[in-house]
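One structure below.
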Amino acid sequence: MIVRTRAAPSPTGDPHIGTAYVALLNQVFARRHGGQFILRIEDTDVVRSTRASERMIIDALGWLGLDWDEGPDVGGAHGPYRQSERKDIYQAHARVLLDAGHAFYCFCSPERLDAVRAEQTARGENPRYDGHCRALDPDVARRRASGGEAHVIRMKVPAEGVCAFHDHLRGTIEIPFAQIDMQVLIKGDGFPTYHMAVVVDDHLMKITHILRGEEWINSVPKHVLLYQYFGWQPPVFCHLPLLRNPDRSKLSKRRNPTSINYYRRAGYLPQAVINYLGRMGWSMPDDREIFGRDEMIAAFDLDRISLGAPIFDLAKLNWLNGQYIRKLSPEEFMDEVQDWAFNRDRLASLVPLVQERTERFIDLVPQVDYLLGERRALAATDFTHPELSEAEAKKILQYVLWTFDAMATWERDLIYGAVQTIAKAMGHKIRDFLFPLFIAVSGRAVSLPLFDSMHLLGADLTRMRLRDALEVLGGVSKKQLKQLEKEFKALVDTPEGAE
RNA sequence: GUCCCCUUCGUCUAGAGGCCUAGGACACCGGGUUUUCAUCCCGGCGACAGGGGUUCGACUCCCCUAGGGGACGCCA
């Protein structure tokens, strides 16, 4: 048997460091056994998926030195590798399940489902589909569906019993079927849900081992059931520990830089990032702390994965990165610095900002210090302003931070628009409103244009500086946070000009 | 709330019944080298969540409790 693994990112935003982590382990495991590693794009959420995000993911993984034997960019014998291009395949497979009586048409409206769930929750029950359409006559249902009536296709799930399956690292796991919902397989737009697509694709693409985050453990019964319904052999399941924030919650951009782009922009070397990821939940059989991907391949053993939840902590990554940087020859060092800060693209975005503000080249570096380097350390007094109290500055920073948290695309005009909207809603002059943001981002009340700066820095770095500024101002207590959140929601929900 | 997973220094981890007086790394603290700083070297601080079993012997196996996390979407 040839080992085949895959990474299956969803192109709905920035390339996530967790994607790189899972991809690394999948690739290393496959290579260790002389197998193949596949990249598959899970873009069945048509609304949120973008080609731009897909390109960023492929680019970011490439920067890290990860590569794949088959994928949307390199092709392969089991394509297409973009799920949005496999719609017909899922439809055909859904029909098989329908015909065999393992699935059924469902005509329930989202409104009805919401109501049902609300009732169930109120009664203290598990929110679940109530089986309303399951009893429909299959022929009648099929005619309604082909007649154009809005519908989804759901899978049938046994009412009782337990689903027992094997996890390579955890042994046997048993989950009662009572916990499993009659999952939608084909959505109203004709695209499959994750659960449908993943089973069909993993089978068709001959995936032998599924290495993925442990957030998926609870949906394995759905997958096992589908494998049974299709009469297929399920692959080996191996659920990896989830990368965590310092507070042990699942790693999230709200608390941490999660974009691979951040690490690239902040001046980490890809080898260091890979090395660090390789030490999350895994260790070399000897005492080696510093090792490359090839060394990892040579020594890799799935059983050496530990299950504790590793905190993604920048301190050790920084040390590791320093190790790699010092090992560079002066020639290599020059190349790296040049590529990092002064490559043509980067320069091209900087020049329009600085050229008109420059009389002598000696003026150049002080202008861009906060863009190329760490912003200076702040003090609370930096936020003193004639028109703006400290409390208002905090509020502004927090609101803007929340707004940025919710942004999927990081473009100058979008940033500008978003900030402008809040400023208006809060009733501040844009000039005053921007002051704390200038301080937070550049460390100065006067700097290069703010939104260009933010765009250049990237979302993660910008958010990081806003968070830091908030801390400098004494932080926000849990209680304050709740109050602010309420006010913020009210502010955002207010329709334009409704005041 | 229901179900599932997890639990060794602050952090990443080694440890697969006696090799453990629990090892290493980061961080932190102290000292040395260095015109400063950093690097580098030396030293220090520091953990088996708790309680029951099993065993001649438990960090290692089992059970319970506690704590943490995850899932409960026509998102993945």
Side-chain angles (χ1 to χ4, degrees), chain A residues 8-13 16 18-19 40-49 83 106-110 113-114 117 120-129 150-154 162-163 165 167 169-171 173-198 212-222 239-251 275-290 303-323 325-327:
Chain A
S10 185
T12 53
H16 198 277
T19 302
R40 185 173 69 219
I41 300 296
E42 311 230 321
D43 56 352
T44 53
D45 185 338
V46 186
V47 178
R48 293 199 306 147
S49 298
Q83 289 184 330
C106 172
F107 303 93
C108 294
S109 68
L113 295 175
D114 285 346
R117 278 193 201 107
Q120 290 167 327
T121 312
R123 262 182 277 138
E125 291 172 24
N126 264 1
R128 268 186 101 197
Y129 182 62
H151 66 278
V152 301
I153 298 172
R154 288 180 184 272
V162 275
C163 176
F165 60 92
D167 179 275
L169 293 170
R170 296 155 218 267
I173 296 175
E174 294 186 351
I175 296 176
F177 279 122
Q179 290 292 321
I180 311 302
D181 204 359
M182 293 174 231
Q183 178 65 46
V184 169
L185 298 176
I186 303 288
K187 300 183 268 192
D189 61 7
F191 280 95
T193 57
Y194 169 83
H195 305 281
M196 176 71 177
V198 81
R212 51 128 80 136
E214 70 177 321
E215 54 197 325
W216 294 111
I217 289 181
N218 285 292
S219 39
V220 172
K222 291 172 187 173
H239 291 91
L240 273 11
L242 246 32
L243 265 27
R244 306 301 184 93
N245 295 315
D247 69 355
R248 299 211 173 268
S249 57
K250 179 165 137 180
L251 192 65
N275 192 158
Y276 185 67
L277 289 178
R279 299 184 37 79
M280 297 266 91
W282 192 79
S283 60
M284 276 285 189
D286 54 30
D287 283 341
R288 252 177 302 171
E289 306 260 356
I290 298 178
D303 295 325
R304 288 192 64 80
I305 293 176
S306 58
L307 294 176
I311 291 173
F312 194 93
D313 176 23
L314 294 174
K316 193 153 188 173
L317 172 60
N318 290 345
W319 169 78
L320 250 184
N321 201 55
Q323 296 296 309
I325 283 188
R326 283 176 212 117
K327 251 192 299 195

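Residue numbering restarts at 1 for every chain, and letters A, B, ... go by the order of the sequence lines.
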Can you tell me if A:Asn245 uses its side chain to pair, donor with acceptor, with the backbone of A:Asp247 under 3.5 Å? no
Polar side-chain atom of A:Tyr276 near backbone of A:Asp313 as donor-acceptor pair, under 3.5 Å: yes
What's the gap between B:U35 and B:A27 when it is taken at their C1' atoms, as a whole Å value? 29 Å
Nearest 0.5 Å please: distance from the NZ atom of A:Lys187 over to the CE atom of A:Met196. 12.5 Å
Would you indicate what A:Gly322 reaches in the nucleic acid, counting non-hydrogen atoms under 4.0 angstrom: base, sugar-phosphate, or nothing? nothing
Taking atom P of B:C4 as reference, at what distance in whole Å does atom CG of A:Leu307 sit? 17 Å
Can you measure from CD1 (A:Ile217) to CD1 (A:Ile173) and round to the nearest 0.5 angstrom? 4.5 Å
Check nucleotides 28-31 of chain B against the protein and report each pair of N or O atoms closer than 3.5 Å, with its distance, or say if there are none.
none

Can you tell me how far NE2 of A:His16 sits from OG of A:Ser10, rounded to the nearest 0.5 angstrom? 12.0 Å
Would you mind reading off the distance between A:Ile290 atom CD1 and B:C26 atom P, rounded to a whole angstrom? 9 Å
For B:G50 and B:G32, measure between their C1' atoms and round to the nearest Å. 44 Å
Using Watson-Crick or G-U wobble geometry with both distances below 3.5 Å, tell me the partner of B:A14, or none. none
Applying the 3.5 Å cut-off to both distances, the Watson-Crick or G-U partner of B:U35 turns out to be none
Can you check the A:Phe165 CZ to B:C3 P distance for me, whole Å? 16 Å
With 3.5 Å as the limit, what N/O pairs link the protein to nucleotides 58-66 of chain B?
none

C1' atom, B:G17 versus B:U39: distance in rounded Å? 44 Å
Would you mind classifying the nucleic acid contact of A:Arg123 as base, sugar-phosphate or nothing, using non-hydrogen atoms under 4.0 angstrom? nothing
A:Ile180 has an atom CD1; how far is it from atom P of B:U2, in whole Å? 17 Å
For nucleotides B:G10 and B:C5, find the distance between their P atoms and express it as a whole number of Å. 27 Å
Just compare B:G15, B:C5, B:C26 and give me whichever is closest to any side-chain atom of A:Arg170. B:C5
Measuring from atom OG1 of A:Thr193 to atom CZ of A:Arg154, what distance do you get when rounded to the nearest 0.5 angstrom? 10.0 Å
Side chain A:Asn275, main chain A:Glu289, donor-acceptor under 3.5 Å: yes
Can you tell me the Watson-Crick or wobble partner of B:U7, both distances under 3.5 angstrom? B:A66
Taking only the P atom of each, what is the distance from B:G24 to B:C61 in whole angstrom? 24 Å
Closest-nucleotide ordering on RNA chain B, the 5'-leading residue of A:Trp282 and A:Pro176: A:Pro176
Would you give a per-nucleotide map of nucleotides 68-76 of chain B, 5' to 3', where B means the base has a protein non-hydrogen atom under 4.0 Å away, S means only the sugar-phosphate does, and - means neither? SSBSSSBBB
Can you measure from CG (A:Leu307) to CG (A:Leu169) and round to the nearest 0.5 angstrom? 5.5 Å
Is the shortest side-chain heavy-atom distance between A:Leu243 and A:Pro310 below 4.5 Å? yes
At 4.0 Å (heavy atoms only), tell me whether A:Gln120 reaches a base, stays on the sugar-phosphate, or touches nothing. nothing
To the nearest 0.5 angstrom, please state how far the CG atom of A:Asn126 sits from the CZ atom of A:Arg128. 8.0 Å
Which class fits the ring pair A:His195 and A:Trp216: parallel under 30°, tilted 30 to 60°, perpendicular over 60°? perpendicular
Please report the distance, rounded to the nearest Å, between CG in A:Leu243 and P in B:C6. 18 Å
Assigned partner base of B:G44, Watson-Crick or wobble definition, under 3.5 Å: B:C28
Using atom C1' of each nucleotide, how far apart are B:C64 and B:G44 to the nearest Å? 39 Å
Just checking A:Glu174: base, sugar-phosphate only, or nothing, at a heavy-atom cut-off of under 4.0 Å? sugar-phosphate
If I pick the C1' atom on B:C74 and the same atom on B:G70, what distance separates them, to the nearest angstrom? 23 Å
Over how many whole Å does the gap from A:Met280 atom CE to B:C12 atom P extend? 7 Å
Output, in order, the C-alpha distance, side-chain angles, deciding distance and verdict of side-chain contact (heavy atoms from CB on, under 4.5 Å) for A:Ile311 and A:Lys316. CA-CA 11 Å; A:Ile311 291 173; A:Lys316 193 153 188 173; over 6 Å; no
Nucleotide of B:G24, B:C26, B:C4 approaching A:Glu289 most closely (side-chain heavy atoms): B:G24
Expressed as a whole number of Å, how far does the P atom of B:C37 sit from that of B:A22? 37 Å
Side chains of A:Met280 and A:Leu240, heavy atoms from C-beta outward: is any pair under 4.5 Å? no
Tell me if the side-chain of A:Lys316 makes a donor-acceptor pair with the base of B:A27, cut-off 3.5 Å, by modelled atom types. no
Between atom CG in A:Asn275 and atom P in B:C26, what is the gap in whole Å? 13 Å
Pair assignment for B:G1, Watson-Crick or G-U wobble, requiring both distances under 3.5 Å: B:C72
Can you measure A:Asp287 atom CG to B:C26 atom P for me and round it to whole angstrom units? 13 Å
If we ignore hydrogens and angles and just use 3.5 Å, is the side chain of A:Arg304 paired with the main-chain N or O of A:Met284 as donor and acceptor? yes
